[in-house]
Amino acid sequence: MQTPLAVFSCPSDTKPPQYDDGAIPNSATSSYQACASSYDGFATATNPAGVNILQRNGVFDRSNRYPARISDITDGTSNQVLIGEVKWRMDGNLRNRARIYGGSDQANWCQGATNCVMISGQWMINWTAQQGNPQPNRTAGSEHPGGANFAFADGSVRFINNTIHHTAAAWIDDANAFDRPNNGANYGTYQRLFSMQDGLVISGL
């Protein structure tokens, strides 16, 4: 947890190799995070069968959801992001919280929790605004001009521009998931890349 690894560091990301975030002193930092859901994964909506897959709809998500398989990516592996780039200078404090490990939410709360290894599609690339409290680690970003790199489920790596269609659609309820009542009009292309099973055609990449 404290050992910096070159494979987790982008040369353009001027980050320290370690950072004391409370949960693990001098924890190793990362320039990459797993792509979780298209919605904020911190909400707690569930159904009787367990975690609500409409809300927590990414390949990666909180530890109380089943592991995703290739067959679960019904929108197509070329339309599904797995790993996204992040940068250290994501806010006014010139830091993010990306780590190469995830701690226990219950034991450590947000100090080393799973949000240190995952990002969400709810916020646009290089987003820096506050969401309750400063959480710049919840979105992708990079020091490359214009966007960030992503690894997709088909094995490809592609650069996604900051200007990709993004609506910041927030979770409401199952009936409104993916803005289905409006055929996805208010559910951005960027968010669709994070969801395995929204059933909406990707355009604008």
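Scope of the values below: all heavy atoms of this structure, side chains included, with no hydrogens, waters or symmetry mates.
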Q: Taking a hydrophobic cluster as the set of Ile, Leu, Val, Met, Phe, Trp and Tyr residues connected by side-chain heavy atoms closer than 4.5 Å, whether directly or through intermediates, do Tyr19 and Phe8 fall within one such cluster?
A: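 Different clusters: Tyr19 never reaches Phe8 through Ile, Leu, Val, Met, Phe, Trp or Tyr contacts under 4.5 Å.
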Q: Just jot down the side-chain contact (heavy atoms from CB on, under 4.5 Å) partners of Ser156, sequence neighbours excluded, or say none.
A: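 Only Phe152, Asp154, Arg158 meet the side-chain contact (heavy atoms from CB on, under 4.5 Å) criterion with Ser156.
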Q: How close do Ala36 and Asp61 get, heavy atom to heavy atom, and via which atoms?
A: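 What the structure gives for the nearest pair is CB-OD2, 4.4 Å.
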Q: Are Asn149 and Glu85 close enough that a side-chain donor and a side-chain acceptor fall under 3.5 Å?
A: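 Yes.
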Q: Thr167 side chain to Asn186 main-chain N or O, any donor-acceptor pair under 3.5 Å?
A: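 Side chain of Thr167 to backbone of Asn186, a donor-acceptor pair under 3.5 Å: yes, one is there.
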Q: Is it true that a side-chain atom of Asn126 and a backbone atom of Ser142 form a donor plus acceptor pair closer than 3.5 Å?
A: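 Yes: the side chain of Asn126 pairs with the backbone of Ser142.
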Q: Going hydrophobic residue to hydrophobic residue with side-chain gaps under 4.5 angstrom, can you get from Phe60 over to Ile70?
A: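 Both belong to a single hydrophobic cluster.
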Q: Taking all atoms of both residues into account, what is the closest heavy-atom pair of Ser120 and Tyr39, and its distance?
A: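 Looking at all heavy atoms of both residues, the closest pair is OG-O, 3.2 Å.
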Q: Does a donor on one side chain sit under 3.5 Å from an acceptor on the other, for Glu143 and Thr14?
A: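 Per modelled atom types, Glu143 and Thr14 side chains form no pair under 3.5 Å.
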Q: Using modelled atom types and a 3.5 Å cut-off, is there a donor and acceptor pairing between side-chain atoms of Gln18 and backbone atoms of Pro4?
A: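 Side chain of Gln18 to backbone of Pro4, a donor-acceptor pair under 3.5 Å: no, none is there.
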Q: Would you check if the side chain of His166 reaches a backbone N or O of Tyr190 as a donor-acceptor pair within less than 3.5 Å?
A: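 No: the side chain of His166 does not pair with the backbone of Tyr190.
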Q: Quick one: do Ile100 and Trp88 end up in the same hydrophobic cluster if we chain Ile, Leu, Val, Met, Phe, Trp and Tyr together by side-chain heavy atoms under 4.5 Å apart?
A: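 No.
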Q: For residues Val86 and Ile164: do they belong to one hydrophobic cluster (side chain heavy atoms under 4.5 Å, members Ile, Leu, Val, Met, Phe, Trp, Tyr)?
A: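 Looking at the clustering, Ile164 is in the same group as Val86.
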Q: For the pair Thr29 (side chain) and Arg99 (backbone), establish whether a donor and an acceptor sit closer than 3.5 Å, ignoring hydrogens and angles.
A: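 Here the side-chain-to-backbone pair does not exist.
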Q: Not counting sequence neighbours, which residues clear side-chain contact (heavy atoms from CB on, under 4.5 Å) with Pro181? List them please.
A: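 Checked Pro181 against side-chain contact (heavy atoms from CB on, under 4.5 Å); matches are Asn176.
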Q: Parallel, tilted or perpendicular for Trp127 and Trp123, by the 30°/60° rule?
A: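 The rings of Trp127 and Trp123 sit tilted, inter-plane angle from 30° to 60°.
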Q: Kindly write out the residues that satisfy salt bridge (Lys or Arg N to Asp or Glu O under 4.0 Å) with Asp72, not counting sequence neighbours, or none if the list is empty.
A: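 Per chain and number, Asp72 pairs via salt bridge (Lys or Arg N to Asp or Glu O under 4.0 Å) with Arg69.
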Q: Say you draw a straight line from NZ of Lys87 to CD1 of Ile125; how long is it, rounded to the nearest 0.5 Å?
A: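 Reported to 0.5 Å precision, the distance equals 11.0 Å.
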Q: How long is the straight-line distance from CG of Asp198 back to OH of Tyr187, given to the nearest 0.5 Å?
A: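 The CG atom of Asp198 is 5.0 Å from OH of Tyr187, to the nearest 0.5 Å.
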Q: Is it true that Lys15 and Ser9 share a donor-acceptor pair across their side chains at a distance under 3.5 Å?
A: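 Yes, side-chain donor-acceptor contact under 3.5 Å.
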